[in-house]
Protein chains: 2
Amino acid sequence: MSEQPKYRQLADALRREIVNGIYPPGARLPSESELSTRFDASRNTVRNGLKLLVSEGLVTSSQGLGYEVRSHEVFELNASRFENLTFQQNGDSYTTDVTNAGRRPHQTFRVEMKPAPEDIAERLRIEVGSTTVLRFCHRYVDDVPWSTQATYYPGWLTEQAPRLSEPGDIAEGTTRYLAGHDIEQVGYFDEIATRMPTPDEARLLEIGAGVPVLLWTRTGYSKDKRIRCTITTFRGDLNRMQYEIGDLSARNEVL
Amino acid sequence: MSEQPKYRQLADALRREIVNGIYPPGARLPSESELSTRFDASRNTVRNGLKLLVSEGLVTSSQGLGYEVRSHEVFELNASRFENLTFQQNGDSYTTDVTNAGRRPHQTFRVEMKPAPEDIAERLRIEVGSTTVLRFCHRYVDDVPWSTQATYYPGWLTEQAPRLSEPGDIAEGTTRYLAGHDIEQVGYFDEIATRMPTPDEARLLEIGAGVPVLLWTRTGYSKDKRIRCTITTFRGDLNRMQYEIGDLSARNEVL
DNA sequence: TAGTGGTCTAGACCACCTC
DNA sequence: AGGTGGTCTAGACCACTAC
């Protein structure tokens, strides 16, 4: 009979109407029962089609409210400039970056001593299970959960920089603090990956279905050692990363 | 009664068994009817739970075969070195990179003249709708669809470099070809984003449910102009990107 | 042919939001 | 109270894969 299953036809039709602006970002879709009539399908079939759109990240659903077209507003993070002390006033890079973008940052924070998990140990070139300092941030922008950030420092660093393992924030920023103790980060190795969130991540970042996370792993180097590894987990719908490579003096040229 | 709905409990239980290795990568899960018995749930409820795992990218399903735990093997792309002519022998960067990784690359290719879409026009600083050359690649690694790549060149470039708009491949690589015509790329601006695939992307990349795409947008600069914009769409489960920043001479130090 | 997942239905009850 | 989506059931038929 029909080439496509009914729930896909329904999803395709609605998707077309969404991208064509019939349902603009923020608009409400018709209710399940209305769609059920319009497409001559049972409620479960309608739900299957809508679930497809939800899992594509196009719409959200909430009990009692209905389905809504998702609106996107992204925050750009320039990873080349991030943590570059010459670009930065006092305070940590996140606060600086977000404030510069005219948004209101806010974070919760905790410190623990933790045996190195395998992926961290490998990147820091230390033994699996050896002591590390984990500094963990849960970050918000304008009270929306934005990212989590876990930074692991090798245990030996605390001898030179004892405040690392103390449970408070470091007002001037850890990079700056370390630099003041003769531990200067001269290079970074960044890795970027994406995947669907784990249930834990979905809870922390208040991510709905259909939104992937962006994983940014930065390993920091001094002249002769690896001195930290930071894993940042972003909501993929709200964040983009940027890198500048080489000579970009033409960036400011006019048309 | 129960805090969690039954289909979530089912998903949680199976997820736990998967991460604990009871069902290792590549293993088959019990059939829907077996799970239906085990969890005392209707088939539809079981399917809801399994769909959750599929949408997390943990398992795949196929008709007649059953559910299988996804196995991951990722390809690392070093974007700092990518297209650096001094690192490269003849040929394009993709071929070089993939071959160096001991894999077998393969691509289909096409060229068209196309009016500039908005996002491209903005990045190339040209008028929306003005002529561009689009060179489009669909890339495979070991016959698995890997990425699509669309590169837009501003129309004026073809006067200096006419082979750009000819339909064949450029054997020595376009970057090298351009450099030979006095158009040297001296810098790049990279943007990285993630989202769920559109139906088109899902088809081209043979992506199943629960796998996001990684979007890499590279704008190339000469000394005084923007000379190209490349949008690469990766399967998120198979690819990771890397950047090197600053001095990484400590990378080769031993433990 | 037997077993698997894929689609679809009809109906029930619950939880949440708005009025 | 009435409408919305969320969960769950029981059963039907189809399509694909294996043997």
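Convention: sequence-line order gives letters A, B, ...; per-chain numbering from 1. Bear in mind the structure is a predicted one, so any value in this text is a computation, not a measurement. What's counted below: heavy atoms across the whole structure, side chains too, no hydrogens, waters or symmetry copies.
- Here the P atom of nucleotide D:dG6 and the NZ atom of A:Lys51 are 9 Å apart, to the nearest Å.
- Partners of A:Arg8 according to the salt bridge (Lys or Arg N to Asp or Glu O under 4.0 Å) rule, which considers only residues two or more places apart in sequence or in another chain, do not exist here.
- Protein atom CG of B:Leu50 is 16 Å distant from nucleotide atom C1' of C:dT7, rounded to whole Å.
- Residue A:Ser61 places at least one side-chain N or O closer than 4.0 Å to OP1 or OP2 of D:dG6.
- Between B:Lys6 and D:dT9 there is a side-chain polar atom (N or O) within less than 4.0 angstrom of OP1 or OP2.
- A close approach under 4.0 Å does occur between a side-chain nitrogen or oxygen of A:Ser31 and OP1 or OP2 of D:dT4.
- For the pair A:Glu68 CD and D:dT4 C1', the interatomic distance rounds to 14 Å; values are reported in whole Å.
- The phosphate of C:dA10 (OP1 or OP2) has no side-chain N or O of A:Arg43 nearer than 4.0 angstrom.
- Atom C1' of nucleotide D:dG11 and atom CZ of B:Arg47 are separated by 14 Å, given to the nearest angstrom.
- Distance A:Leu65 CG to C:dC16 P: 12 Å, rounded to the nearest Å.
- The side chain of A:Tyr67 approaches D:dG5 more closely than any other nucleotide in the set C:dT4, D:dG5, C:dT9.
- At least one donor-acceptor pair closer than 3.5 Å links the side chain of A:Gln9 to the backbone N or O of A:Gln4.
- Below 30°, between 30° and 60°, or above 60°: for B:His106 and B:Tyr140 the angle between ring planes is below 30°, a parallel geometry.
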Intermediate values then yes/no, side chain to side chain donor-acceptor pair (under 3.5 Å), A:Glu76 and A:Gln242: CA-CA 7 Å; A:Glu76 316 258 359; A:Gln242 303 175 335; 2.8 Å; yes
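- A donor N or O paired with an acceptor N or O is not found under 3.5 Å between the base of D:dG6 and the side-chain atoms of B:Arg8.
- Two residues are said to be in side-chain contact when any heavy atoms from C-beta on lie closer than 4.5 Å; A:Arg218 and A:Thr232 fail this criterion.
- Along DNA chain C, the nucleotide closest to B:Asn44 and the one closest to B:Pro30 are compared, and the more 5′ of them pairs with B:Pro30.
- Residue A:Tyr7 places no side-chain N or O under 4.0 Å from the OP1 or OP2 atom of C:dC8.
- As a whole-Å value, the separation of B:Leu10 CG from D:dC8 C1' is 13 Å.
- For the pair A:Ser42 and C:dC8, the criterion of a side-chain N or O lying under 4.0 Å from OP1 or OP2 is not met.
- Between the CG atom of B:Asn48 and the P atom of C:dG6 there is a distance of 13 Å, rounded to whole Å.
- Taking atom CD on B:Glu32 and atom P on D:dT9, their separation rounds to 14 Å, with Å as the unit.
- OP1 or OP2 of D:dT9 sits under 4.0 Å from a side-chain N or O of B:Thr45.
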